[in-house]
Every structure is written in structure tokens, then in C-alpha cells.
K.L.:
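Input: one structure, supplied below.
Every number for a ligand or one of its atoms is a count from 1 in the order of the listing. Quick note: residue numbers are just sequence positions, from 1.
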Amino acid sequence: MESTRNKLIQLLAANSEQYISGQLLSDQLKISRSAIWKHMKELEKDGYQIEGKSNKGYRIISYPDKLSENTVRWGLETDWIGKNIIHKESTTSTQHIAHDEARNGAAHGTIIIADEQTKGKGRMNRSWFSTKGKGMWLSIILRPEIAPQQAPQLTLLTATVLADVLQSYCNVKPLIKWPNDILLNNKKTAGILTEMQAEQDIINYIVIGIGLNVNQSTLELSEEIRHKATSLYIETEKENSINALIQEILMTFEKSYDQYIKNGFPDIKQKWESYGFKIGEEITIKTIKDHFHATFLGIEEDGALRIKRTDGSIQRLYSAEIDWFDK
Ligand code: BT5
């Protein structure tokens with residue numbers, strides 16, 4: 001049923017300017033013309049606007065931009081990610097749902113999306129503003145066969161995926177601020193929260209949460225973050241389809257993840273550094289017991305932060321807060 005609909009949309013989408021006759025659709029999909037008509041009615045219920053003319057056939061006039069399991073699934077060309085989609089109009093946090101689902105056995109690649117989060121989470125109990133219908137609030141459940149200490153690499157991988165999609169699909173110039181912020185014009189447009197459930201050397205599951213500001217105007221960003229946050233709309237003056245962005249991100253994520261599992265971290269490291277914010281520049285590092293200046297050199301093969309101290313020594317840091325000297 002679903003794959004027939006998928007094909008139907010593909011056929012209609014491939015000829016968006018022209019009408020396709022019911023007979024042709026019926027031949028291609030090997031179903032009756034009345035079954036085609038029923039599918040069209042279903043599509044309309046999901047927000048597709050379809051024009052049907054008795055002597056010409058059918059044509060899609062507009063796609064729905066509302067989020068739903070179906071609108072994300074249609075046209076999503078992936079092997080394992082997004083095969084199971086959970087959509088909520090409003091929820092506390094997609095991370096909460098993801099943890100519940102993962103504990104109950106949800107498959108690798110399950111995704112949770114929401115139009116709005118009332119308690120969106122950042123790292124270390126910080127909050128994440130998730131305006132209704134204006135951004136992408138997405139969690140991905142993964143069950144990777146990697147060691148728990150490698151999990152932070154997945155945050156870095158996710159950052160490169162977001163940067164790639166923003167650059168190629170939205171034509172902007174993103175930078176990645178270690179470890180998990182995506183910047184446009186030095187302002188944060190996306191954040192990543194990686195949470196893990198592991199035992200000793202086995203990962204039970206990982207949830208990667210991605211928040212991406214898409215269609216907010218400046219006034220629609222919370223006042224608290226307005227000076228340091230931005231959205232794709234603010235940067236490009238163009239509205240973007242959140243559905244289409246989710247699909248692009250999932251397709252790029254799947255490719256990149258599969259390559260990472262096959263080839264390890266080196267390619268990701270290289271890509272990450274090509275987007276790295278303030279590489280080669282001076283930063284201030286705060287660890288639990290220390291506070292010092294250093295040059296930011298990039299990241300290590302294992303994802304740690306690589307810095308040069310003022311005495312010339314090179315160090316790797318696994319957890320540190322950085323003062324970037326910006327605002
Ligand atoms: C992050 O934390 O950047 C991780 C954000 C992850 C959000 C996603 S949305 C889907 C999934 N479900 C969730 O509940 N969470 C994930 P952190 O590096 O700690 O940054 C948090 C800080 O970013 C806050 O303290 C604010 O200063 C700022 N901030 C909050 N909301 C923002 C927004 N919408 N845009 C830009 N900056 C924001």
C-alpha cells in the first residue's frame with residue numbers, strides 16, 4: 001500500500017508540469033483506475049493538492065508542508081534510517097520519547113520528530129527553545145556496534161552531516177563550533193545532544209537529538225538567545241520545507257554513518273576540520289581544575305580536542321569548556 005503510494009507520488013512529482021493519465025498510472029502501478037482514485041483522495045487528506053481533469057489526468061499542485069509520518073516517509077530514499085517514524089505535534093522532548101522507545105526495543109534508525117517541544121533539552125540540563133512549526137526537532141535512535149568511548153565521534157559525525165546539508169542544500173556557509181554547535185554568521189543555528197545507554201563496553205543504544213532553527217524570524221527566537229542564535233530564514237530570507245530538510249539530513253546521515261562504520265573516523269575528522277570554527281586561533285580552556293590560553297589545533301583521530309599550550313606542548317582534551325572570545 002505504502003510503496004504503491006510512494007511510486008504514485010514519484011510518478012506525479014516527475015511530471016509536475018504535466019498531467020498524467022489515470023490509465024498510465026494504472027498501467028505503471030498495476031492497480032485499477034478506481035484504486036488510483038482512492039489513493040488520490042488519501043493523498044489529499046494528507047495535504048497534497050491534486051488536480052484531476054477527466055480528459056487529461058492528474059497533476060500535483062502543491063505538497064503538504066505539515067509534518068507527519070507519511071510526509072517524511074514519502075520520497076525518503078534510505079535503507080535503514082527513518083523506516084520507523086514517530087511524529088508528535090507537541091511533546092516535552094523528542095529525546096524523552098526516544099529513550100522510552102529505545103528501552104522498549106525500537107529498531108536502529110527509528111526517528112522521532114515533533115512540531116513543538118515544551119521542554120527541549122540541551123546539554124547539561126540547559127534548555128533548547130523549540131518554537132512550534134518553525135524548526136526541526138528530531139531524535140535518532142542508533143544501536144551501533146562501537147565502544148562506548150567512541151560515542152562522541154557520532155556527535156562530530158552528525159555535525160558534519162548538518163554542515164554538509166546546510167551548505168549544499170541551503171547554500172549557506174556553516175561552521176562547526178566544537179563539539180556540537182552549527183554556526184551561520186557566527187550565530188548558533190543548530191545544536192546536537194548525544195545521549196547513551198551503555199554497560200561497560202557495550203552500547204545498548206544512543207539517541208542523537210538535533211535541533212535546527214529553520215523558519216524563525218528574529219522576533220520568533222526567544223529573547224534570551226536572540227543575540228547569539230539565528231535561523232536559516234534569518235540568514236537566507238527564504239522559507240524552507242522542514243520535511244525536505246529532514247529527508248536531506250536523514251539521507252546524508254545514513255551515508256555518512258555507513259561509511260564511518262566501514263572506514264572509521266579519519267574521513268569524518270577531515271571533514272569536521274574543514275568546517276571547524278577558530279582552528280589555529282587562540283581560545284581559553286576551562287577544565288575542572290585549570291583555566292588557560294591555548295591554540296585550537298583541531299580534533300584528534302578519536303575526536304578529542306587538540307590544543308597547543310603556550311609552552312609549545314600539544315595536548316588532547318576529552319572534556320572542557322571553551323571560551324571562544326565571542327560575545
Ligand atoms: C545543544 O545543547 O545545543 C543541544 C540541542 C539539542 C536539541 C535537540 S531538539 C531535538 C532533541 N530533543 C531535545 O529535547 N533536544 C534535542 P547546548 O550545547 O547545551 O546548548 C544549549 C544552549 O543553546 C542554551 O543554553 C541556549 O543558550 C542556546 N539555545 C537554546 N535554544 C536554542 C535555539 N533554538 N537556537 C539556538 N540556540 C539555542
K.L.:
Under 4.0 Å between a side-chain nitrogen and a carboxylate oxygen: does that hold for Lys134 and Asp115?
P.N.:
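No, no charged N to carboxylate O under 4.0 Å.
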
K.L.:
Could you tell me which residues satisfy salt bridge (Lys or Arg N to Asp or Glu O under 4.0 Å) with Glu301, sequence neighbours excluded, listed by chain and number?
P.N.:
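Not a single residue meets the salt bridge (Lys or Arg N to Asp or Glu O under 4.0 Å) criterion with Glu301.
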
K.L.:
With the criterion set at N/O pairs under 3.5 Å, what does the list of contacts between the protein and ligand 1 look like, atom names and distances included?
P.N.:
unit_1   : atom_1 : unit_2 : atom_2 : d
ligand 1 : 2 (O)  : Arg123 : N      : 3.2
ligand 1 : 3 (O)  : Lys188 : NZ     : 2.8
ligand 1 : 12 (N) : Thr94  : OG1    : 3.0
ligand 1 : 12 (N) : Gln117 : OE1    : 2.8
ligand 1 : 14 (O) : Ser93  : OG     : 2.7
ligand 1 : 14 (O) : Gln117 : OE1    : 3.4
ligand 1 : 14 (O) : Lys121 : N      : 2.6
ligand 1 : 15 (N) : Lys121 : O      : 2.8
ligand 1 : 18 (O) : Arg123 : NE     : 3.1
ligand 1 : 18 (O) : Arg123 : NH2    : 3.3
ligand 1 : 18 (O) : Asn180 : ND2    : 3.4
ligand 1 : 18 (O) : Lys188 : NZ     : 3.4
ligand 1 : 19 (O) : Arg123 : N      : 2.8
ligand 1 : 19 (O) : Arg126 : NE     : 2.7
ligand 1 : 19 (O) : Arg126 : NH2    : 3.1
ligand 1 : 20 (O) : Lys188 : NZ     : 3.0
ligand 1 : 27 (O) : Lys228 : NZ     : 2.8
ligand 1 : 31 (N) : Phe129 : N      : 2.9
ligand 1 : 34 (N) : Phe129 : O      : 2.9
ligand 1 : 34 (N) : Asn213 : OD1    : 3.1
ligand 1 : 35 (N) : Asn213 : ND2    : 2.8

K.L.:
Would you say the side chain of Thr94 lies within less than 4.5 Å of the side chain of Ile86, judging by non-hydrogen atoms?
P.N.:
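Answer no - side chains too far apart.
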
K.L.:
Glu116 vs Lys88, test: salt bridge (charged side-chain N to carboxylate O under 4.0 Å, His left out). Steps then yes/no.
P.N.:
CA-CA 8 Å; Glu116 169 188 50; Lys88 302 280 174 196; over 6 Å; no

K.L.:
Side chain to side chain donor-acceptor pair (under 3.5 Å): which pairs involve residues 48-57, sequence neighbours left out?
P.N.:
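Those involving residues 48-57 are Tyr19-Glu51, Gln49-Ser62, Glu51-Arg59.
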
K.L.:
With sequence neighbours excluded, tell me which residues meet ring pair (Phe, Tyr, Trp, His ring centres under 6.0 Å) with Trp80.
P.N.:
His108, Tyr257

